[in-house]
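Letters A, B, ... are given to chains in the order of the sequence lines, protein chains preceding strands, and every chain is numbered from 1.
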Amino acid sequence: MPELPEVETTRRGLAPALEGRTIRAVRVRERRLRWPLPAGFEAELTGRTVRAVRRRAKYLLVDLGDRTLILHLGMSGSLRLLPAATPPLAHDHVDLVLDSGACLRFNDPRRFGTLQLARGDPAQHPLLRALAPEPLGRGFDAAYLYACTRGRRVAIKQLLMNARDVVGVGNIYASEALFHAALRPRRAAGRLTRADCARLVTAVRRVLAAAIRSGGTTLRDYVNADGMPGYFRHKLYVYERAGAPCRVCAAPIRHAQQGQRSTYWCATCQR
DNA sequence: ATGGGCACCTGGCTGC
DNA sequence: TGCAGCCAGGTGCCCA
């Protein structure tokens with residue numbers, strides 16, 4: 001499901017309702033997530049107060065002072081704010097009940113998502129330690145991407161989706177950014193020129209920023225903290241548009257498998 | 001070191 | 001109508 005824009009949209013919805021609130025209770029209905037929730041998970045959260053809700057890559061970080069709750073939504077996860085008494089539906093695995101009477105409810109049909117409790121600096125947590133710079137921050141620029149692609153034989157799309165190289169970009173936005181940068185997904189990363197890298201950095205940043213402004217992309221499951229879908233789907237140029245006319249040149253959008261994932265591109269606009 | 005493939009899950013859709 | 005097969009916003013881990 002969620003790539004950076006969906007996680008950021010969720011973060012923006014959650015932050016005002018969570019910050020300053022104390023967790024009164026934790027209700028766990030299903031411990032078997034990507035990594036099983038440890039015994040004592042509930043007790044370690046209960047009574048702590050939320051200082052801030054941040055994001056790193058596709059992870060949400062709930063700052064609880066001397067602990068940080070690290071959440072990942074996997075492919076099908078979502079977080080919603082609901083009245084604490086709302087009856088749970090299928091796949092509503094975890095609730096954080098707040099002192100406001102609201103609850104933060106984690107739903108995830110496929111259970112690829114995760115909740116982890118970190119002590120100390122969350123940036124040093126094993127899941128976060130080796131992540132590439134934030135794509136919307138200063139560390140992600142043409143010089144960075146050029147350096148990181150040198151000597152690499154992987155296809156540029158796969159490099160874009162590798163969190164050690166670029167974070168926040170998944171299958172939708174990798175295809176979209178490559179379209180806007182006029183680069184074919186299978187181009188070997190090491191064969192990009194400096195100019196290619198500059199266009200690609202701009203495309204990644206613009207696509208992510210525009211998707212955030214639309215509240216993210218909803219294909220199937222994704223909803224924001226208020227239960228609303230994202231509307232960026234209407235602004236996709238290639239993703240899930242196989243056979244449809246390119247919005248720029250009208251040539252049919254191509255589709256193929258690349259590294260066990262679907263890839264979409266325009267063979268005319270992208271080289 | 002790099003890169004490819006698999007595994008982890010459920011649900012929705014397609015086609016026989 | 002039923003069911004098998006395939007596909008889906010991710011990513012850690014194992015192997016060559």
Between the protein and nucleotides 14-16 of chain C, which nitrogen or oxygen pairs come in under 3.5 angstrom?
none

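- With hydrogens and angles ignored, a donor-acceptor pair under 3.5 angstrom links the side chain of A:Arg110 to the base of C:dA8.
- Residues passing the side chain to side chain contact (heavy atoms under 4.5 Å, CB included) test with A:Ala211, sequence neighbours excluded: A:Pro5, A:Tyr173, A:Phe232.
- Where stacking is scored as ring centres under 5.5 Å apart with planes under 30°, A:Phe112 does not register as stacked on the base of B:dC9.
- For A:His91, the ring-ring contact (aromatic ring centres under 6.0 Å, His included) criterion is met by no residue, not counting sequence neighbours.
- A donor and an acceptor atom never sit less than 3.5 Å apart when one is taken from the side chain of A:Arg111 and the other from the base of B:dC9.
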Bracket notation of DNA chain C in which parentheses pair within the strand, [ ] cross earlier pairs, and | pairs with another strand (Watson-Crick or G-U, under 3.5 Å) | .|||||||.|||||||
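- Atom pair A:Tyr59:OH and C:dT11:P shows a separation of 6 Å (rounding to whole Å applied).
- If you measure from atom CZ of A:Arg220 to atom C1' of B:dC9, you get 15 Å, rounded to the nearest angstrom.
- Taking the side chain to side chain contact (heavy atoms under 4.5 Å, CB included) definition, one finds that A:Gln116 meets it with A:Trp35, A:Ile70, A:Thr114, A:His125, A:Leu127, sequence neighbours left out.
- A:Ser262 has a side-chain polar atom (N or O) that falls below the 4.0 Å cut-off from OP1 or OP2 of C:dA8.
- Applying the ring pair (Phe, Tyr, Trp, His ring centres under 6.0 Å) test to residues at least two apart or on different chains, the pairs with a partner in residues 54-76 of chain A are A:Tyr59-A:His72.
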